[in-house]
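All remarks here apply to the structure that follows.
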Amino acid sequence: MSDLLQPRGEAVIAPRDLRGRRGLFARQPLAVLGAAIIVVMALAALGAPLIAPVDPLALDPLRRLRPPSEINWFGTDQFGRDVFSRVVFGARVSLIVGVAVAALSVAIGLAIGLAAGYVHWLDAVVMRVMDGLMAIPGVLLAIALVSLSGASLTTVIVAITVPEVPRVVRLVRSVVLSVREEPYVEAAIAVGTRLPLILVRHVLPNSIPPLIVQATYICASAMLTEAILSFLGAGTPPEIPSWGNMMAEGRLFFPIAPRIVLLPGVALALTILAVNVLGDGLRDRLDPKLAKRM
Amino acid sequence: MLAFVVQRVLATIPVMGVVAFVVFLLLRLSPGDPAAVIAGDYATAEQVERIRAQLGLNLPIYSQFFTWLGQILRGDLGVSIFSNLPVTTLIAQRIEPTLMLALTTIVFSIVVAVPLGVLAAWKANSWIDRAVMMFAVIGFSVPVFVLGYFLIYGFALGLNWFPVQGYRSPFDSPAAFLHHIALPTLTLSAIFIALIARITRATVLEVLSEDYIRTARAKGQSERKVLFRHALKNAAVPIVTVIGLGVALLIGGVVVTESVFNIPGLGRLVVDAILKRDYPIIQGLILFFSFIYIVLNLLIDIAYTLLDPRIRY
């Protein structure tokens with residue numbers, strides 16, 4: 001008896017744990033690679049002031065459009081600002097926007113979706129509104145919201161969240177509708193479990209795996225939309241170094257110094273690719289039904 | 001069939017109503033005085049007042065909505081604040097390049113992606129399959145404008161094969177048109193090729209495991225006929241669905257691509273309107289694009305019943 005209560009030796013658990021990890025990489029090398037890229041980007045974003053050699057906003061009129069050198073790894077832009085420092089700081093904007101939009105739209109969409117899936121009269125109204133919102137091209141809706149409310153990071157996040165919410169609502173509602181037919185939920189209703197408890201105990205746990213997958217895709221799409229908005233001049237304020245802003249400002253000098261446009265573009269593409277690949281990996285793990293369809 | 005079409009057409013009315021209401025609310029719910037925002041920082045009180053009257057913002061809100069709705073139903077999308085031209089006129093002036101770019105993109109994507117998807121499904125788990133899927137993931141992730149600049153860098157600045165930017169009408173010179181539209185089409189197509197190839201592969205793979213495919217092979221049907229006559233025909237529905245979903249992506253992509261390649265289409269009209277805060281244009285174009293999206297999806301739903309007689313609503 002006392003033997004069983006003894007804490008298990010590390011040796012018993014460690015090999016299995018290790019095997020699990022090795023298995024994960026073997027099964028989903030791309031997802032692990034994506035996660036690694038995201039970790040690097042997140043570290044760059046968090047430690048930007050430590051990593052960036054120069055202040056990303058510091059102007060140096062004497063060193064304009066310099067090619068890459070030991071001091072300026074990616075060269076300087078048309079105002080003499082250090083492109084490498086700006087790319088590192090740009091990771092902050094993208095990650096903040098991606099994470100904030102994913103969290104916000106999942107939270108709002110979950111609340112609306114649960115309500116719509118369970119309250120009958122609400123369902124028809126909510127779904128018509130969501131259909132209408134989905135018919136409006138997301139980028140254009142976000143552009144209109146930002147251009148009217150004035151550019152700030154908060155406005156950009158809200159503007160990108162609005163078009164993403166209907167997708168989450170639809171997903172949650174479809175989970176609610178399918179769970180509602182499950183025998184264990186009928187049993188719960190039969191024994192008189194109250195509605196809020198059914199939602200929390202049965203519906204919510206079933207919505208979490210597909211929501212995690214959806215959240216990663218929303219994160220990628222939010223980073224993309226932020227870059228598009230900034231690139232078109234209706235996004236993050238120009239004084240904040242975001243990848244989209246850098247590309248927009250570097251456009252006029254593209255034929256002379258293409259790297260000012262291309263390097264932030266590479267950072268953006270790589271980050272979005274990493275998040276999408278991680279999303280695919282999560283989908284295969286968490287949502288086998290959906291994975292089979294793709 | 002007719003009953004279904006009528007029912008489906010009627011079902012779009014509430015959706016369009018919601019779109020109109022949201023677009024209407026956009027201007028009214030924005031913080032601050034929209035008239036002052038539109039007029040800009042240096043406007044005088046009279047200029048702000050003039051814009052307020054022009055937009056009907058001095059009327060009660062419900063009467064504003066119904067006046068506006070009445071105008072839309074008559075095909076009046078308002079008047080540009082800066083050029084004083086009707087938004088519908090501006091759209092008519094700028095629609096050709098956008099339409100052409102959308103058409104070349106859709107045609108090019110389908111022509112490339114469907115065979116790629118079929119090939120990947122046929123050679124499932126081979127290196128061809130893996131290469132196609134890899135391309136699909138990358139094509140879906142690289143932002144349109146990043147790809148655009150890379151293509152300009154390589155094919156226009158580097159190899160000098162194509163012009164850096166600009167547009168020529170096919171009605172003036174078909175050769176110049178193709179020369180100018182090639183890079184924008186390639187740029188915008190990447191995401192669709194990725195999307196369509198992926199869905200084609202998935203559906204063809206599913207269809208290939210069906211009994212009638214085994215029967216077709218058993219009776220000695222050539223592999224090409226099995227793939228294209230039996231498998232692809234039955235995979236048509238999901239492929240058409242994806243093309244429908246892609247329209248939303250296409251609209252966003254067109255705006256960006258036109259900006260990268262300096263094409264004077266509807267996308268540029270939007271971007272210029274944003275920079276000048278010409279709100280009636282932004283509003284009108286959102287309505288216009290949403291309308292197109294709804295109509296295309298309506299047509300696609302109707303196409304389902306033609307493609308697959310089993311689908312009945």
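Note that these values count all heavy atoms, side chains included, but never hydrogens, waters or copies made by symmetry. Chain letters run A, B, ... following the sequence lines, proteins first and then strands; every chain starts at 1. Quick caveat, the model's predicted, so the values are computed rather than measured.
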Under 3.5 Å, side chain of [X] to main-chain N/O of [Y], donor-acceptor pair present?
{"X": "T271(A)", "Y": "A267(A)", "answer": "yes"}
{"X": "S105(A)", "Y": "T161(A)", "answer": "no"}
{"X": "W243(A)", "Y": "V87(A)", "answer": "yes"}
{"X": "E164(A)", "Y": "I218(A)", "answer": "no"}

Which answer fits [X], side chain, backbone, both or neither, if we ask what part of it has an atom under 4.5 Å from a heavy atom of chain B?
{"X": "A220(A)", "answer": "neither"}
{"X": "L262(A)", "answer": "both"}
{"X": "M134(A)", "answer": "backbone"}
{"X": "A227(A)", "answer": "both"}

For [X], is it the side chain, the backbone, both, or neither that has a heavy atom closer than 4.5 Å to a heavy atom of chain A?
{"X": "P14(B)", "value": "side chain"}
{"X": "F291(B)", "value": "neither"}
{"X": "I138(B)", "value": "both"}

TODO: Give the member of P143(B), A11(B), A20(B), G267(B) that has the highest number of heavy-atom pairs under 4.5 Å with chain A.
DONE: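 Greatest number of close heavy-atom pairs with chain A: P143(B).
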TODO: Considering only heavy atoms and a distance below 4.5 Å, find which of I282(B), N297(B), V270(B), V15(B) pairs most often with chain A.
DONE: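 If we count pairs closer than 4.5 Å to chain A, V15(B) comes out on top.
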TODO: Answer yes when D131(A) and R167(A) have at least one side-chain N-carboxylate O distance shorter than 4.0 Å, and no when they do not.
DONE: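 Looking at D131(A) and R167(A), the cut-off is not met.
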TODO: May I ask you to check whether N245(A) and R86(A) show a side-chain donor-acceptor distance below 3.5 Å?
DONE: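 Looking only at side-chain atoms, R86(A) and N245(A) do not form any donor-acceptor pair under 3.5 Å.
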TODO: For residues T98(B) and E258(B), determine if any side-chain heavy atom of one lies less than 4.5 Å from a side-chain heavy atom of the other.
DONE: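 Heavy-atom side-chain distance check passes, below 4.5 Å.
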